[in-house]
Novice: 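Structure incoming, see below.
In this chain, residues are counted from 1 in sequence order. Note that this is a predicted model, so its numbers are computed, not measured.
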Amino acid sequence: MATSTIQSFSQTYENHHSWIYSWLCKKLASRDDAADLTQDTFVKVLQKDMPEDIIEPRAYLTKIAHDLMVNFYRRKSLEQAYIEAISQLPEAITPSSEERLLLLETLQEIDEMLTTLPDHVRETFYSHNLKACDIKRLLPS
């Protein structure tokens, strides 16, 4: 990474870290989640090689933070739906904690892949597969 890029990033971090953290605190219920997403925002900036001549760094950071926040809420929603579905299972077939974590991670990966599909393709996939999936069919008779 070039010295000028490091300096530009450092300056952006110093000038806008507390601002983006405050912005996220207003949007999220947890200051810890806001802190995590603030750090994730700057990690994304590093990964994207933020242009040095950016005119509105706050708008740029806000867009990245917003996208991360949407993904955060999507993961939370998916996790909650999974927990609710698992709670309906009889205790004898309830997955262990390790299995739950692996299944949840897999669901999140699938969700991330599905978000890359065009809207109409994704909706068709959901419509076809979610209507066909019935938790009762998964239970032993």
Novice: Measure the shortest side-chain to side-chain distance between Y82 and L78 over non-hydrogen atoms and say whether it is less than 4.5 angstrom.
Specialist: no
Novice: Measure the spacing between OG1 of T106 and CG of L101 and express it to the nearest 0.5 Å.
Specialist: 9.0 Å
Novice: Look at the side-chain heavy atoms of Ile, Leu, Val, Met, Phe, Trp and Tyr, link any pair under 4.5 Å apart, and say whether V45 and W19 land in one connected group.
Specialist: yes
Novice: To the nearest 0.5 Å, tell me how far S18 OG sits from Y13 OH.
Specialist: 10.0 Å
Novice: Between L107 and V70, is there a shared hydrophobic cluster once you connect ILVMFWY residues whose side-chain heavy atoms come closer than 4.5 Å?
Specialist: no
Novice: I86 and L102: same hydrophobic cluster, using ILVMFWY side-chain contacts below 4.5 Å?
Specialist: no
Novice: When rounded to the nearest 0.5 angstrom, what is the spacing between NE2 in H17 and OG1 in T12?
Specialist: 13.0 Å
Novice: Please tell me if the side chains of K27 and Y73 come closer than 4.5 Å, counting only heavy atoms from C-beta onward.
Specialist: no
Novice: Indicate yes or no for a side-chain donor-acceptor contact from S87 to the backbone of E84 under 3.5 Å, with no hydrogens or angles considered.
Specialist: yes
Novice: Just wondering, more than 12 heavy atoms not from E105 lying within 6.0 Å of its CD?
Specialist: yes
Novice: Quick check for you: to the nearest 0.5 Å, what is the distance between E109 atom CD and L114 atom CG?
Specialist: 12.0 Å
Novice: With a 4.5 Å cut-off on side-chain heavy atoms, are W23 and L37 touching?
Specialist: no
Novice: Are the side chain of T38 and the backbone of A34 linked by a donor-acceptor contact shorter than 3.5 Å?
Specialist: yes
Novice: Do the side chain of E14 and the main chain of Q11 share a donor and acceptor less than 3.5 angstrom apart?
Specialist: no
Novice: How far does NZ of K63 sit from CG of L68, to the nearest 0.5 angstrom?
Specialist: 10.0 Å
Novice: Just how far is it from atom CG of N71 to atom NZ of K76, taken to the nearest 0.5 Å?
Specialist: 14.0 Å
Novice: Report yes if some heavy atom in the side chain of R100 is under 4.5 Å from a heavy atom in the side chain of I83; otherwise report no.
Specialist: no
Novice: Around atom NE2 of H66, are there more than 12 heavy atoms from other residues, nucleotides or ligands closer than 6.0 Å?
Specialist: no
Novice: If you group Ile, Leu, Val, Met, Phe, Trp and Tyr by side-chain heavy-atom gaps below 4.5 Å, do I64 and L28 land in one group?
Specialist: yes
Novice: Whether D40 and K44 form a salt bridge (side-chain N of Lys/Arg under 4.0 Å from carboxylate O of Asp/Glu) is what I want to check.
Specialist: no
Novice: Is it true that atom CZ of R74 has more than 12 heavy atoms of other residues, nucleotides or ligands lying nearer than 6.0 Å?
Specialist: yes
Novice: Report yes if the side chains of F42 and I20 come closer than 4.5 Å at any heavy-atom pair, otherwise no.
Specialist: yes
Novice: Could you walk me through whether D33 and M69 pass side chain to side chain contact (heavy atoms under 4.5 Å, CB included), step by step?
Specialist: CA-CA 9 Å; D33 291 338; M69 188 172 53; over 6 Å; no
